Amino acid sequence: MQTKKNVAIVGSGLVGSLLAIYLRKQGHSVTVFDRRPDVRKVEFSGRSINLAMSNRGWKALREAGVEDEIRKLALPLEKRAMHVKGEPVYYQKYGEEGEAIYSISRGVLNRKMIDLAEEAGATFKFEEKVWEVDMPTARLYTGETEKSNWEEYQFDLIFGADGAFSRVRHKMQRQSRFNYSQHFIDVGYKELTILANNDGSHKLDNSSFHIWPRGNFMLIAMPNLDGTFTCTLFLPFEGEVSFESITTEQDADVFFETHFPDIKDEISNLKKDFFKNPTSAMVTIKCFPWSYFDKITLVGDSAHAIVPFYGQGMNAGFEDISVLNKKMNKYGDDWQQIFEEYQTERKPNSDAIAELSYRNFMEMSSKTADPKFLLRKKIEKKFAQAHPDLWSPLYSRVTFSDKAYSEALQIGDYQRAIMDEVMEIPNIEEKWDSKEVEEKIISLIKNKTSR
């Protein structure tokens, strides 16, 4: 147990709430500030992408003692359902038997995490906007507006868990030698819903992550416990087929009928959500350092926002908290050492998952409908099953293990180079499952590891 500190967390989202639970278990006094209303008392915003909980997230929840509570909110998805235009739906297993990602509504999970943090003894202050942070003294200033009278709070430690456009990080950016970058992709997203059947059952297979790949855009759908699916339409902001080009209900009818004919019965509801829900942008944010001496540190999206195409944003944020907790157990009251080692360990991993997430968008939207790509994946899977000691697929390394993201990226690049050579074998389509191909992969692995 550490010496009790008076701790502030700015941001009551998933990562901030989990951090509050961990800090309470360490014996600290915890106050969580959020500029937004209490999510337990408002309707969901219509800008959510369902979460895909995987090994890293479950591990962090297990260590906090709340895994069993959260599993009640989750549906296991063992495979992708690929809705390629003009073809029957086909399925791709995620991993080995029993390996699955878990679909959870962001709003439902956030409400539960706040409940659990309050039960652990954390205090939440909603609709209290943080305008200023005095970093050397760990003071926070809140008020109605930037020019109103502010209330001053004195803390020992402050954690910035306030998302991609973090107020805490904004203050840290004014330091000399603070590195910061943000990159928006040209694709936005919009939340849509497929309603449940009249009897409450799901209209699509509820153990699958559904993807409609359409080149430079796509639709995904993930099931909820109530029989609905939360869908996310990823579409360019501008261009021939884009959010900009769909301005009337007739435009929306034509768009959904043309590109998603297998769910045409859902068009009236998809169209209603299309015009009701906001169009949101996606950004990758990188920065360093994440901490200020022994006073302040950043966690989750405040430190490393990523695009959502690997389903690892929440998992990476939860893993931050798990790593931070290990450092607390290791270094006790030496907060400067805790923060220093935490940021040094996590930074290369957050950069790696940012890169992997960006690449996965290209894979999900266009390559998953490409026969060459599907063959490549088939060869990889067959080889991995025959030689698990030599080959673990990149997706499995990221999703079904807690090995470093940076290691997964490095090994993924090495495997990609091998598969590029394999796919050049003449008549690979006919001989993909032959001994020749298997031996070729083994020889390439030996060549690359002997260099």
Side-chain angles (χ1 to χ4, degrees), residues 5-26 28-51 53 57 60-61 64-66 69-70 73 104-133 138-144 150-151 153 155-172 280 285 290 296-305 308 313-322 324-325:
K5 295 283 188 184
N6 188 20
V7 182
I9 300 170
V10 182
S12 70
L14 301 172
V15 174
S17 300
L18 181 62
L19 175 59
I21 295 169
Y22 270 94
L23 289 170
R24 284 296 301 142
K25 284 183 175 294
Q26 290 279 5
H28 302 296
S29 171
V30 178
T31 307
V32 184
F33 294 84
D34 203 303
R35 61 195 298 114
R36 301 166 303 172
D38 185 341
V39 295
R40 296 168 296 181
K41 298 175 182 173
V42 297
E43 276 192 49
F44 297 147
S45 66
R47 56 171 81 234
S48 175
I49 299 172
N50 259 38
L51 302 162
M53 186 82 74
L61 292 169
V66 298
E69 285 293 306
I70 303 306
L73 311 176
I104 307 184
S105 158
R106 178 183 293 275
V108 168
L109 178 59
N110 203 169
R111 287 171 172 174
K112 184 63 176 177
M113 293 295 291
I114 292 170
D115 282 344
L116 292 169
E118 279 189 339
E119 286 168 23
T123 299
F124 283 77
K125 291 181 174 288
F126 295 103
E127 296 183 81
E128 189 148 0
K129 298 169 184 169
V130 173
W131 294 108
E132 182 61 76
V133 182
R139 285 193 180 96
L140 281 182
Y141 297 88
T142 69
E144 189 56 39
W150 289 349
E151 187 163 352
Y153 293 91
F155 291 99
D156 299 311
L157 305 166
I158 297 171
F159 291 87
D162 46 340
F165 303 103
S166 166
R167 194 80 193 179
V168 179
R169 189 193 62 239
H170 179 69
K171 176 66 178 178
M172 292 175 74
S280 302
I285 286 176
W290 294 356
I296 296 170
T297 202
L298 303 172
V299 293
D301 284 357
S302 304
H304 51 78
M314 168 193 61
N315 291 288
F318 280 7
E319 193 170 58
D320 286 351
I321 309 308
S322 178
L324 193 54
N325 191 58

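The structure displayed is predicted, hence computed values, not measured ones. No hydrogens, no waters, no symmetry mates; every other heavy atom, side chains included, goes into these values.
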Closest non-hydrogen atom pair, [X] against [Y]:
X    : Y    : answer
L18  : A64  : CD1-CB, 3.9 Å
G11  : V32  : O-CG1, 3.5 Å
G16  : I9   : O-CD1, 3.7 Å
G13  : R36  : N-NH2, 4.0 Å
V130 : R167 : O-CG, 3.3 Å
A161 : V299 : CB-CG2, 3.6 Å

Would you find a donor on one side and an acceptor on the other, under 3.5 Å apart, between the side chain of [X] and the backbone of [Y]?
X    : Y    : value
S17  : S12  : yes
W150 : W131 : no
D156 : K5   : no
R111 : V39  : yes
N315 : G57  : yes

For residues [X] and [Y], determine if any side-chain heavy atom of one lies less than 4.5 Å from a side-chain heavy atom of the other.
X    : Y    : result
Y22  : L324 : no
D301 : I285 : no
F159 : I296 : no
I70  : K112 : yes
L14  : L51  : yes

> Which pairs with one or both residues in residues 7-20 pass salt bridge (charged side-chain N to carboxylate O under 4.0 Å, His left out), sequence neighbours excluded?
Replying inline: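 Listed once each, the pairs would be none.
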>> By the salt bridge (charged side-chain N to carboxylate O under 4.0 Å, His left out) test, which pairs, at least two apart or in different chains, include something from residues 118-129?
In response: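 Residue pairs passing salt bridge (charged side-chain N to carboxylate O under 4.0 Å, His left out), neighbours aside: R40-E118.
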All side-chain hydrogen bond (donor to acceptor under 3.5 Å, both in side chains) counterparts of [X], not counting sequence neighbours:
X    : result
T31  : none
S166 : D162
R106 : none

>> Quiz question: by atom type and distance under 3.5 Å, do the side chains of H28 and N6 form a donor-acceptor pair?
In response: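 Note: H28 and N6 side chains miss the donor-acceptor criterion.
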Starting at [atom1] of [X], measure out to [atom2] of [Y] and round the result to the nearest 0.5 Å.
X    : Y    : atom1 : atom2 : result
R24  : L116 : CZ    : CG    : 14.0 Å
M172 : S302 : CE    : OG    : 10.0 Å
S105 : N50  : OG    : CG    : 5.5 Å
F124 : D34  : CZ    : CG    : 9.0 Å

>> Determine whether K25 and N325 satisfy the following criterion, side-chain contact (heavy atoms from CB on, under 4.5 Å), listing intermediate values before the conclusion.
In response: CA-CA 10 Å; K25 284 183 175 294; N325 191 58; over 6 Å; no
> Heavy-atom count around E132 CD within 6.0 Å, excluding the residue itself: above 12?
Replying inline: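 Correct, the count exceeds 12.
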> Taking only residues two or more places apart in sequence, or in another chain, which ones meet Y153 in a ring pair (Phe, Tyr, Trp, His ring centres under 6.0 Å)?
Replying inline: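 F33.
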>> If you apply the rule side-chain contact (heavy atoms from CB on, under 4.5 Å), what do you find for I104 with M314, and how did you get there?
In response: CA-CA 11 Å; I104 307 184; M314 168 193 61; 5.8 Å; no
> Has R169 got its NZ or CZ under 6.0 Å from the middle of the six-membered ring of W290, at an angle within 45 degrees of the ring axis?
Replying inline: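 No, a cation-pi geometry is absent between R169 and W290.
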> Does the side-chain contact (heavy atoms from CB on, under 4.5 Å) test come out yes or no for V133 and Y141, once each step is laid out?
Replying inline: CA-CA 6 Å; V133 182; Y141 297 88; over 6 Å; no
>> With side-chain contact (heavy atoms from CB on, under 4.5 Å) as the criterion, how do F126 and I114 come out once you've worked through the C-alpha distance, each side chain's angles and the decisive distance to 0.1 Å?
In response: CA-CA 11 Å; F126 295 103; I114 292 170; 4.1 Å; yes
>> Name the residue from V15, V108, L61 that meets the side chain to side chain contact (heavy atoms under 4.5 Å, CB included) definition with M113.
In response: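 One option only clears the test, and that one is L61.
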